[in-house]
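Note sheet for the following structure.
Ligands are counted one by one from 1 in listed order, and the atoms in each one are counted from 1 as well.
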Amino acid sequence: MAKQKLRIGVIFGGRSGEHEVSLASAQAVIDNLNKEHYEIVPIGITTTGTWLLGTEPATLLAAGKNVQSTAADTGTTSVTFTGDPTVRHLIPVHGKEPLGDQGQIDVIFPVMHGTYGEDGTLQGLLDMANVPYVGCGVLGAALGMDKEKMKMIFATAGLPNVKYQVFRRNQWERDPETIIHSIEANIGYPNFVKPVNLGSSVGISKAHNREELEHAIRVAAEYDRKIIVEQNINCRELECAVLGNDEPIASVVGEIIASNEFYDYKAKYVDNKSREAIPADIPQEVAEQIRHYAVQAFQALDLNGLARVDFFIDKVSGAVYINEVNTMPGFTQISMYPKLWAASGLPYAELLDRLIELAQERFADRQRNRTTF
Ligand SMILES: Nc1ncnc2c1ncn2[C@@H]1O[C@H](COP(=O)(O)OP(=O)(O)O)[C@@H](O)[C@H]1O
Ligand SMILES: [Mg+2]
């Protein structure tokens, strides 16, 4: 008898500034999942948080941008899992019945970038529903989104951070002068101003003087209640892909050559002029150092499945700094994460197989934990 296909729920879209990036990544994942082994259940989430099932997710994907649900869009989740952890059935929130066999899911692949997808919130929902899923758990995902907590853990793991300072929006509103003076004394110009919890360079500016700094902080404060200011590194940007659970492995190292002054949203997704070099043209020992740091970062943050770990190399001193991890990196066929694996001998479709295996492995390992005593 033919082996039953695994039913993979691919979740995409979501309440995030990276909604459209997620749609592009999800389309590539859906196209490349081996249809002989998997049956795909597309699950879309609109920018207002409505979950779409059946034929609606395809409409969302085809539009390449957010479309409104034909269902009443209340801004709340309209589909969730049953509270019964043994069945893993999707149900409409306002209905009572599971969606028959069509609702049964074996593994969820959350192809979600940014808030409410990559930050631990969706992972928490999936844990409550007792469904295996690709990628990090709640803690790793949340740490991977918080540039401050991530850096604190990097520091304890002995990883080299750039100099930075964090403050809260309400501190800024109360006493902007003290904050400006402290940044000028400790960080200097130019510097990078970022919302602590975001991605895709949204809300990030490079400030060359006080006027630009004040403006940059106001912009970042629109996106988050915590703001981070970092010393500017005149740098080359290197990226390394990590794959695994308890014994993660690192890919070859790649370089991003941004088309703009820095790798901003336009350079990432709009103008198509940024280039990359795989493998990066760097000395062997520097590449080894980066691969080693990438695995250390993955373990220090308690990540699972996959992460892309990003680095800076100072163009003058050659010093290596860790910038950040992305726990659900861009996943189109021309995205760095799958390309780094392809260059390391693991083609896209096999990478997807491996991620699904890792999801099942982590789930089985967690099932061993006692929940009573
Ligand atoms: N401290 C820094 N020095 C130099 N360039 C930086 C610095 N921080 C960020 N950048 C530039 O801004 C881009 C986006 O910053 P990053 O922290 O990676 O945010 P995101 O999570 O949005 O990708 C980087 O890829 C790099 O081009
Ligand atoms: Mg980045």
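At the shortest separation from atom 15 (O) of ligand 1 among protein heavy atoms lies I204 CD1, 3.6 Å. Atom 12 (O) of ligand 1 has as its closest protein heavy atom F262 CD1, 3.1 Å. For atom 22 (O) of ligand 1, the nearest non-hydrogen atom of the protein is S201 N, 2.5 Å. Counting protein heavy atoms only, atom 27 (O) of ligand 1 is closest to E237 OE2, 2.4 Å. Of all protein heavy atoms, the one closest to atom 23 (O) of ligand 1 is K268 NZ, 2.8 Å. Of all protein heavy atoms, the one closest to atom 1 (N) of ligand 1 is Q231 O, 2.8 Å. Of all protein heavy atoms, the one lying nearest to atom 13 (C) of ligand 1 is Y263 O, 3.6 Å. Scanning all protein heavy atoms for the shortest distance to atom 9 (C) of ligand 1 gives K194 NZ, 3.2 Å.
Residue N326 has no N or O atom closer than 3.5 Å to an N or O atom of ligand 1. Residue C235 has no N or O atom closer than 3.5 Å to an N or O atom of ligand 1.
Contacts with ligand 1 closer than 4.0 Å are made by side-chain heavy atoms of F192 only, the backbone lying farther away. Residue contacts with ligand 1, taken as heavy atom pairs separated by less than 4.0 Å, involve N323 solely via side-chain atoms from C-beta onward.
Judged by the shortest distance from any of its heavy atoms, Y164 lies outside the 4.0 Å radius around the atoms of ligand 1. Judged by the shortest distance from any of its heavy atoms, K147 lies inside the 4.0 Å radius around the atoms of ligand 1.
Each of V242, N326, T327 was evaluated against R308; a single residue qualifies, N326, per the side-chain contact (heavy atoms from CB on, under 4.5 Å) test. Each of V107, L352, V134, V41 was compared with I8 under the side-chain contact (heavy atoms from CB on, under 4.5 Å) criterion, and only V107 meets it. None of K194, K163, Q165, K206 except one satisfies the side chain to side chain donor-acceptor pair (under 3.5 Å) rule with E230; the exception is K194.
A salt bridge is absent between D106 and K5; no separation between the charged side-chain nitrogens and carboxylate oxygens falls under 4.0 Å. Electrostatic pairing of R168 and E173 does not count as a salt bridge here, judged by no charged N lying under 4.0 Å from a carboxylate O. Here D246 does not pair with R362 in a salt bridge; the nearest charged N to carboxylate O distance is not below 4.0 Å. A salt bridge links E324 and K147; the closest N-O separation between the charged side-chain nitrogens and carboxylate oxygens is under 4.0 Å.
For ligand 1, the atoms sitting less than 4.0 Å from at least one non-hydrogen atom of N232 are 3 (N), 4 (C), numbered in the order shown with element in parentheses.
For atom 3 (N) of ligand 1, the nearest non-hydrogen atom from the set I233, I256, I187 belongs to I233.
Counting heavy atoms of neighbouring residues, nucleotides and ligands inside a 6.0 Å radius, atom CG of D281 does not exceed 12 of them.
Across all their heavy atoms, A307 and L303 have their closest contact at CB-CD1, 3.7 Å.
Between L238 atom CG and I290 atom CD1 the span is 4.0 Å, to the nearest 0.5 Å.
Among the backbone and side-chain atoms of E324, an N, O or S atom lies under 2.8 Å from the Mg ion (ligand 2).
Taking the six-membered ring for Trp and thresholds of 30 and 60 degrees, F109 and F331 have ring planes more than 60 degrees apart, a perpendicular arrangement.
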